[in-house]
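Chain letters run A, B, ... following the sequence lines, proteins first, then strands; residues in each count from 1.
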There are 2 protein chains.
Amino acid sequence: MSEATTRLVRETADRLGYQVNALGKALREGSDGVVGIVVPMVSNPFYAALVHEFEDQLSRLNLKLLIADSHGELDRELERLEALAGRRVRGIFAVPAYFDRSRPAISKIARQLPLVQVDRRVEDDSALAFVGVDNADGIGQALRHVAEQGAGTVVFVGADDRTSVGRERRRAFETVVEQLGLAAQEPIIDRYLFEFGLSAAERLRDRPTLPDAVIAGDDLIATGLLAGFARHGVSVPGDVLITGFDGTILADICNPTLTTVQQPMATIAEAGVEELLRKIDDTGAAGAHVRLPTTLRRGDSTGARVTSSASHSAT
Amino acid sequence: MSEATTRLVRETADRLGYQVNALGKALREGSDGVVGIVVPMVSNPFYAALVHEFEDQLSRLNLKLLIADSHGELDRELERLEALAGRRVRGIFAVPAYFDRSRPAISKIARQLPLVQVDRRVEDDSALAFVGVDNADGIGQALRHVAEQGAGTVVFVGADDRTSVGRERRRAFETVVEQLGLAAQEPIIDRYLFEFGLSAAERLRDRPTLPDAVIAGDDLIATGLLAGFARHGVSVPGDVLITGFDGTILADICNPTLTTVQQPMATIAEAGVEELLRKIDDTGAAGAHVRLPTTLRRGDSTGARVTSSASHSAT
DNA sequence: CTGAAAGCGCTTACAG
DNA sequence: CTGAAAGCGCTTACAG
């Protein structure tokens, strides 16, 4: 076929506005260039950032991202997973709504197509791939930091055991508190919401004694605590120290800025995509569990930092 | 066909894990139950919230949402729009990256399938549907409010004319300032980023005189200004008042809380879905332009509110 | 090397 | 009322 013909065909196609029908292509080829992700709540800045990173990684591989929101509800999660599977997406990233109750749905879908759990996992998931952070070590970093800042009495304000993340952070808190010989007040447990942090601040203020430091389950709770304490005239870090978890933009926006356990969002997305590609190449591949390290990101909520010039002159 | 047979078929299908292949269904039917949305940045809390509302509205109609991120870049936007069109989605919601340069891509896609512009629009778009807020009135609400709080000199810190929202808010600022007889300092113009607000605060502090109030182009810029002023010891609302725009969760999280122009996210999604359904029903339907009203949401960044009990006793 | 046919999984319209 | 055929748009494998 001559070059001229090729050009003519292309030009005519363009002129007529021809566009490949991705549906026909996908049907013929068994799947198309779409990957799905199911998150509990896109409006949580952590998941928004994570989705952003995944979208970025995937677009380099010419893959599109279909985003679904489970609202953290079991039936919605199943419906979303089945909708994605029914569309024969190449693979699915899932942040399970529940540690225990999401297991059947996640396992079922994982039997049908490549699936990688992200951030949270379900129980007995040795056959399933997972990419997330070392939550226990993250909480350890936060606790050691406030201990160094002089905190003796601490309290955990976080989420319940319904999610793997909730239970991992909560248990790590108890373990590390003991290791460090700190005193722990009764924890306050609910959900990852700003409003919860707000009300938790009130409950803490009403206690006979305020703890020296509050370890929050995530940045939303931490910023809620910050706002709640501000309303009630409790000074942070003057009266109490606060740490968050995730390292979202919220930590910059609040005042004082928040000390938080930084999750490596870009690396999570990279590792997640890598795992998914592995599963796509070899459907029988065992599910690897990837635990990435967190880093402590210091803000002003755990005490004013010694400025670098001052710290130099002190040395 | 007997009931027993029906049941047997269903049970067997279930046992074998049969699942309708949405691809075949879609190919046969010409389209499937998927709607696409292209936003400039999912990690902007405003767009995250908007996506959340759209997802909510659509799921009631059994429609799935395919989310794409243009990063505010022209080529990426075109690529995403074409990918969605190639998949023969039912329709597309688009937040155009540019007022002028996005026009060809948006128009082209809109000729192929139902498309509704959301939040931002392109120029000469009388044929295209649009749903957004009355930005001019929103800026008016903010300016009248700071004027009532005693501000005489004001400044606009917002985004440039590349987006319809940027130009609408900026021009409204100039118009209303004149109407109210306020004095305006030289505006500072860049992009909708927290970091920009941060640097703008520094530039304002370095001016010979601080304005009485800063009208920010959105909540990200406003919270950036807040954080920037806090770092440089400028008191808000003591030394300067600040207003935001959007009404995101950021307005609650910052300290002081932010007075902001609240966009009715849920109503925008409702109206957007309604317009899209109209276009789907009647492809030739003229593109309606829906402008929804904003409301002023008062925070502490424009002066401590008189508490309701105090205001009652004062009356 | 070119061109026509087969088939992905579905649903609708039609023949029996 | 039941069952087989046609066709959505694509790509791959095969016949000419």
Rounded off to whole Å, could you give me the [atom1]-to-[atom2] distance for the [X] and [N] pair?
X       : N      : atom1 : atom2 : result
A/Leu23 : C/dT11 : CG    : P     : 13 Å
B/Glu29 : C/dC8  : CD    : P     : 19 Å
A/Arg28 : D/dC10 : CZ    : P     : 13 Å
A/Lys25 : D/dC10 : NZ    : C1'   : 9 Å
B/Asp32 : D/dC8  : CG    : C1'   : 13 Å

Q.
Holding to ring pair (Phe, Tyr, Trp, His ring centres under 6.0 Å), I want the full list of residues that pass it with B/Phe245, two or more places apart in sequence or in another chain.
A.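 B/Phe245 satisfies ring pair (Phe, Tyr, Trp, His ring centres under 6.0 Å) with no other residue.
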Q: Represent DNA chain D in dot-bracket notation, 5' to 3'. Only Watson-Crick or G-U wobble pairs with both distances under 3.5 Å count; pseudoknot-style crossings use [ ] and interstrand partners use |.
A: |||.||||||||.|||
Q: Please determine, by modelled atom types, if A/Asp69 and A/Tyr47 share a side-chain donor-acceptor pair under 3.5 angstrom.
A: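 Short answer, no.
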Q.
Please check if the number of heavy atoms outside A/Arg10 that lie under 6.0 Å from its CZ is greater than 12.
A.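 Open: at most 12 neighbouring heavy atoms sit under 6.0 Å from CZ of A/Arg10.
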Q. Around B/Arg191, counting heavy atoms of other residues, nucleotides and ligands shown, do more than 12 lie under 6.0 Å from its CZ?
A.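 Open: at most 12 neighbouring heavy atoms sit under 6.0 Å from CZ of B/Arg191.
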Q) Got a donor-acceptor contact below 3.5 angstrom from the B/Asp125 side chain to the B/Leu128 backbone? A)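 Not a single qualifying donor-acceptor pair exists.
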(Q) Test your reading of the model: is there a side-chain donor-acceptor pair from A/Asp219 to the backbone of A/Thr248, 3.5 Å cut-off? (A)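 Indeed, once roles are kept as given, a pair shorter than 3.5 Å links the two residues.
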Q: Quote, to the nearest angstrom, the P distance that separates D/dG16 from C/dG7.
A: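 Rounded to whole Å, the distance is 16 Å.
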Q: Test side chain to side chain donor-acceptor pair (under 3.5 Å) on A/Ser102 and A/Arg120 and set out the steps.
A: CA-CA 11 Å; A/Ser102 290; A/Arg120 304 180 185 170; over 6 Å; no
(Q) Which residues in residues 80-90 of chain A have a heavy atom closer than 4.0 Å to any atom of DNA chain D? (A)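 Output list: empty, so none.
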Q | Nearest-nucleotide pick for A/Tyr18, side chain only, options being D/dC10, D/dC8, C/dC10 | A |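 Ranking D/dC10, D/dC8, C/dC10 by closest atom to the A/Tyr18 side chain puts D/dC10 first.
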Q | Side chain of A/Leu27 (C-beta onward), nearest among C/dC10, D/dG9, D/dT12 | A |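 Ranking C/dC10, D/dG9, D/dT12 by closest atom to the A/Leu27 side chain puts D/dG9 first.
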Q: Determine, step by step, whether A/Glu55 and B/Arg80 satisfy the salt bridge (Lys or Arg N to Asp or Glu O under 4.0 Å) criterion, reporting the C-alpha distance in whole Å, the side-chain angles of both residues, the deciding distance to 0.1 Å, and the verdict.
A: CA-CA 11 Å; A/Glu55 212 267 351; B/Arg80 296 292 190 272; 3.1 Å; yes
